[in-house]
Amino acid sequence: MSNRKWNIGIAILFIVFSSLLLSFLFSTLRIRELLQPILSNEASDKEPYHVVLLSQELDNPYWRSIEQGAREASTKYGMQLAYTGPLRINPNEQIKLLEKAIAAKADALLVQGINDPQFVDLINQAVSERIPVITIDTDEPSSRRLTYVGTNNLDAGKIMGGLVATAAGHKGQVAVLIGNEQSPNQQLRLEGFLSVIAQYPELSLVAVRSSNISRLQAAGEAEELLLQYPQLDYMVGLSALDGIGIAEAAERSKQSGLHIFAFDALEETLERITSGKIKATIVQQPYNMGYDAISLLNDYLHGETLPERHFTKITVQDGQALNDKIGATSP
Ligand code: BGC
């Protein structure tokens, strides 16, 4: 065969091969194009990541703030949040709700520690079923939870002790309301408070009562205490609704000389600080607790190691601090 014929043959082969290759490429692209809607549907059909937040009391305004923070962070990270809890404080129901959330195969859990062996076992069961658990507001340190997000309650109690001791000039009678006797966060706050008060022999603690985190019960207990101890100078509430309840009792019993110290920054607490009925409050960051817990969960899901505890900030709000704030924001 002549050279010319060879060249023509090779050129024809080249053209045939190239057109085959091109048509192969085109059909691959076309198939991809056709599959695209199915593939993206599959991606969006993927179940969202379900997180359950279990509160101490469903409609308690403090817990609603935690929920709000957790909800906003969940939206940011494309997670779905289910918020649940007993209607009224009820640790047995918290145990049942945790059981249910595990049975329903939640992807992750945010729970308040309640210092109960059955609750600890359930947290551990969840973790062994690969459901990450973060404790929020109150720790359950003996469990296998990933981390704790909330206040350093012992320190908060000490700060409260310092506030009362300073205001009292280290002498007088003081009574305390705690939210709940079993709650570890309340016990830690009380422990911190007492460790400071004990340094002043003339500052005597006359009673510790429980409000069962109810404002009504706080008011009732405070009224009784005022009758029982007519010399009472200072009353301290260690959970969110206690200070408001104590202030109501003082108003009813016309005890304008009582100095009240509260916890948390609910609107009514701040109003009473402005009007001078509550002296000061220790402000926790419930919104940030919710937000940070979800952010830390997201970090964990991306392979990061979490700290053993993540303490959210506490500050003291008294009349002076509020007036400064109002002054700073008014035109
Ligand atoms: C406590 C919560 C509690 C709430 C009740 C807060 O100060 O940190 O544990 O549920 O008060 O009102």
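These numbers come from a predicted model, not from an experiment. Just the heavy atoms: all of them, side chains too, but no hydrogens, waters or symmetry mates, feed the values below. Numbering of ligands and ligand atoms starts at 1, following listing order.
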### Message
I need the minimum non-hydrogen distance between Thr312 and Thr151, along with the two atoms involved.
### Response
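Closest heavy-atom pair between Thr312 and Thr151: OG1-N, 3.5 Å.
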
### Query
Which atom pair, heavy atoms only, marks the closest approach of Leu241 to Ile213?
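Looks like CD1-O, 3.5 Å.
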
### Query
Tell me, which protein residue and heavy-atom name are nearest atom 11 (O) of ligand 1, and how many Å apart are they?
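It is Ala240 N, 3.0 Å.
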
### Message
Which residue and atom name correspond to the protein heavy atom nearest atom 4 (C) of ligand 1, and how close is it?
### Response
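Ranked first by proximity to atom 4 (C) of ligand 1 is Tyr62 CD2, 3.9 Å.
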
### Side-chain donor-acceptor contact under 3.5 Å, Glu191 with Gln187
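No, because no side-chain N or O of Glu191 sits under 3.5 Å from a partner of the opposite role on Gln187.
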
### Query
For ligand 1, which part of Met289 has a heavy atom less than 4.0 Å away: the side chain, the backbone, both, or neither?
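The answer is neither; Met289 stays 4.0 Å or more away.
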
Against heavy atoms of [X], which atoms of ligand 1 measure under 4.0 Å?
X: Ser239; answer: 7 (O), 11 (O)
X: Asn60; answer: 5 (C), 12 (O)
X: Asp137; answer: 1 (C), 2 (C), 8 (O), 9 (O)
X: Gln56; answer: 3 (C), 9 (O), 10 (O)
X: Gln112; answer: 9 (O)
X: Ile213; answer: 5 (C)

### Query
Taking the non-hydrogen atoms of Glu57, is any one of them nearer than 4.0 angstrom to ligand 1?
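Distance cut 4.0 Å: Glu57 fails for ligand 1.
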
### Query
Under 4.0 angstrom from ligand 1, any heavy atom of Arg215?
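Checking ligand 1 against Arg215, which is what was asked, there is no heavy-atom contact under 4.0 Å.
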
### Query
Between Arg189 and ligand 1, does any nitrogen or oxygen pair lie at a separation below 3.5 Å?
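N/O-N/O distance below 3.5 Å exists for this pair.
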
### Message
Does Glu267 have more than 12 heavy atoms from other residues, nucleotides or ligands lying within 6.0 Å of its CD?
### Response
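Result for CD/Glu267: open.
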
### Message
For Tyr300, is the OH atom crowded, meaning more than 12 foreign heavy atoms sit under 6.0 Å from it?
### Response
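No, not enclosed.
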
### Query
Salt bridge or not for Lys105 and Glu47, using N-O below 4.0 Å?
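Here Lys105 does not pair with Glu47 in a salt bridge, since their nearest N and O are not under 4.0 Å apart.
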
### Message
Exactly one of Gln112, Arg88, Arg64 should register a side-chain hydrogen bond (donor to acceptor under 3.5 Å, both in side chains) with Glu57. Which one does?
### Response
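Only match with Glu57 under side-chain hydrogen bond (donor to acceptor under 3.5 Å, both in side chains): Arg88.
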
### Task
Report the member of Asn212, Asn185, Asp264, Thr151 with the shortest heavy-atom distance to atom 7 (O) of ligand 1.
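Shortest heavy-atom distance from atom 7 (O) of ligand 1: Asp264.
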
#### Entry: Contacts of type side chain to side chain donor-acceptor pair (under 3.5 Å), residue Gln228, not counting sequence neighbours
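For Gln228, the residues satisfying side chain to side chain donor-acceptor pair (under 3.5 Å) (neighbours in sequence not counted) are Arg209.
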
### Query
Do the rings of Tyr200 and His170 sit parallel, tilted or perpendicular, given the 30° and 60° boundaries?
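Parallel: the ring planes of Tyr200 and His170 meet at under 30°.
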
